[in-house]
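Take a look at the structure below.
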Amino acid sequence: MKKTASVKKATVAPKKAAVAVEKAAPVKVVATKPPKGESRTALVRRARRINRELAEVYPYAHPELDFDNPFQLIVATVLSAQTTDLRVNQTTPALFAKYPTPEDLAAANPEEVEEILRPCGFFRAKTRSVIGLSKALVENHGGEVPGRLEDLVKLPGVGRKTAFVVMGNAFGRPGITVDTHFQRLVRRWQWTEETDPDKIEAAVGALFPKSDWTDLSHHVIWHGRRICHARKPACGACPIAPLCPAYGEGETDPEKAKKLLKYEKGGFPGQRLKPPQAYLDAGGKPAPPLGAG
Ligand code: SF4
């Protein structure tokens, strides 16, 4: 849509953005020419370069939902629709304290579950989903969360997005999580013009080796939550501005853009309240994004 205009802007973006980048994050700034009718090979190279740059910006990227096991992750992911991971993390401790297993939640009184889930929004529908999901786990999977895509997507309330979150983060099987951030960013980067999530998943998956898929999803989603926002992307403080054909869709003034940064990039707490050991630093303290206070 804004293809021509955005590409044109991108050709003048890097220098100005690069200044902000150096201030905003310790990231090496590259001056790569943005795309216009770029070849498939060039697209693959640029996409992988963006992912590599994002890996340096978010070396600690990980799922932002608190969970101790696959059951908690699948329930938390279902609850995260239309709300923040932080809100879910504030809600699930009470839920899992009262209903620690699929058997417990399957047998729960819906009204009591609704009361716990109220802060997450859409609490009646979400209550139906997590109770239905738990019943299906008990009846069809012996109370265990299955690790295969074809089984996961048959569970009530579980689509491909949730299934890939669970596969990637609870079972270590590569998956691409096409959430709202992922959809917006890959279109801004002109990785694909598809709008259907399944087609986006296939198109983007083809640009990367499978082993990169889970980390790629984290990098893109973290960038969407912190810098490349839906309404006001912080282009002037964006470490990958030189690689982005949509540079200029948001605030390009470095100082103003810095004020738009969120979570740890803006000097605020992250979303996880219960960071796992793997995300703690050598001194046992939460790594940067997890410094929730
Ligand atoms: S904030 Fe988003 S739109 Fe702006 S330069 Fe960065 S990636 Fe591109």
Side-chain angles (χ1 to χ4, degrees), residues 1-38 42-61 64 176-195 200 203-204 207-208 212 215-268 289:
M1 49 179 188
K2 300 172 188 164
K3 215 170 179 178
T4 310
S6 60
V7 168
K8 196 174 165 202
K9 280 177 186 171
T11 58
V12 296
K15 275 189 187 162
K16 200 173 179 186
V19 174
V21 169
E22 281 164 6
K23 285 184 190 168
V27 181
K28 183 179 47 155
V29 176
V30 288
T32 301
K33 250 185 147 188
K36 168 84 180 173
E38 70 182 343
L43 169 62
V44 169
R45 276 207 201 107
R46 184 172 60 88
R48 292 183 184 187
R49 192 155 189 179
I50 285 178
N51 188 36
R52 282 200 303 277
E53 295 287 326
L54 291 179
E56 288 188 38
V57 180
Y58 310 107
Y60 40 69
E64 294 192 88
I176 292 185
T177 308
V178 183
D179 75 347
T180 176
H181 300 289
F182 198 96
Q183 293 184 40
R184 179 177 76 253
L185 269 61
V186 300
R187 279 204 299 275
R188 280 183 176 160
W189 296 335
Q190 295 180 21
W191 287 5
T192 176
E193 291 182 348
E194 301 289 357
T195 51
I200 292 174
V204 174
L207 300 174
F208 293 88
D212 284 355
D215 283 344
L216 167 73
S217 303
H218 292 320
H219 298 152
V220 176
I221 292 168
W222 276 54
H223 195 57
R225 285 176 175 163
R226 284 152 178 78
I227 298 180
C228 191
H229 312 303
R231 269 180 280 172
K232 272 197 172 182
C235 296
C238 178
I240 56 159
L243 298 167
C244 178
Y247 172 85
E249 266 192 35
E251 179 60 64
T252 54
D253 178 86
E255 286 309 313
K256 287 186 189 162
K258 261 172 83 175
K259 295 195 177 116
L260 299 172
L261 302 179
K262 291 193 181 155
Y263 301 112
E264 82 283 358
K265 293 298 180 198
F268 305 110

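As a basis for the values below, the full set of heavy atoms in this structure was taken, side chains included, without hydrogen atoms, waters or symmetry mates. Each ligand, and each atom within it, is numbered from 1 in the order the structure gives.
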**Message:** Whether the Tyr58 and His223 side chains hold a donor-acceptor pair (N or O, under 3.5 Å, no angle test) is what I'd like checked.
**Reply:** yes

**Complete:** Scanning both residues in full, the closest heavy-atom pair of Pro233 with Cys228 reads CB-CA, 4.0 Å

**Request:** Could you tell me if any non-hydrogen atom of His229 lies under 4.0 Å from any atom of ligand 1?
**Result:** no

**Message:** Among residues at least two apart in sequence or on other chains, which ones pass side-chain contact (heavy atoms from CB on, under 4.5 Å) with Tyr263?
**Reply:** Arg225, Arg226, Gln271

**Asked** Could you state the interatomic distance from SG (Cys238) to CG (Leu54), rounded to the nearest 0.5 Å?
**Response** 7.5 Å

**Fill in**
At a cut-off of 2.8 Å, protein N/O/S around atom 8 (Fe) of ligand 1 gives Cys244 SG

**Message:** Consider side-chain contact (heavy atoms from CB on, under 4.5 Å). Of Val204, Val220, Leu43, Leu243, which one does Trp189 pass it with?
**Reply:** Val220

**Test salt bridge (charged side-chain N to carboxylate O under 4.0 Å, His left out) applied to Glu249 and Lys232, Arg188, Arg231, the passing residue** = Arg188

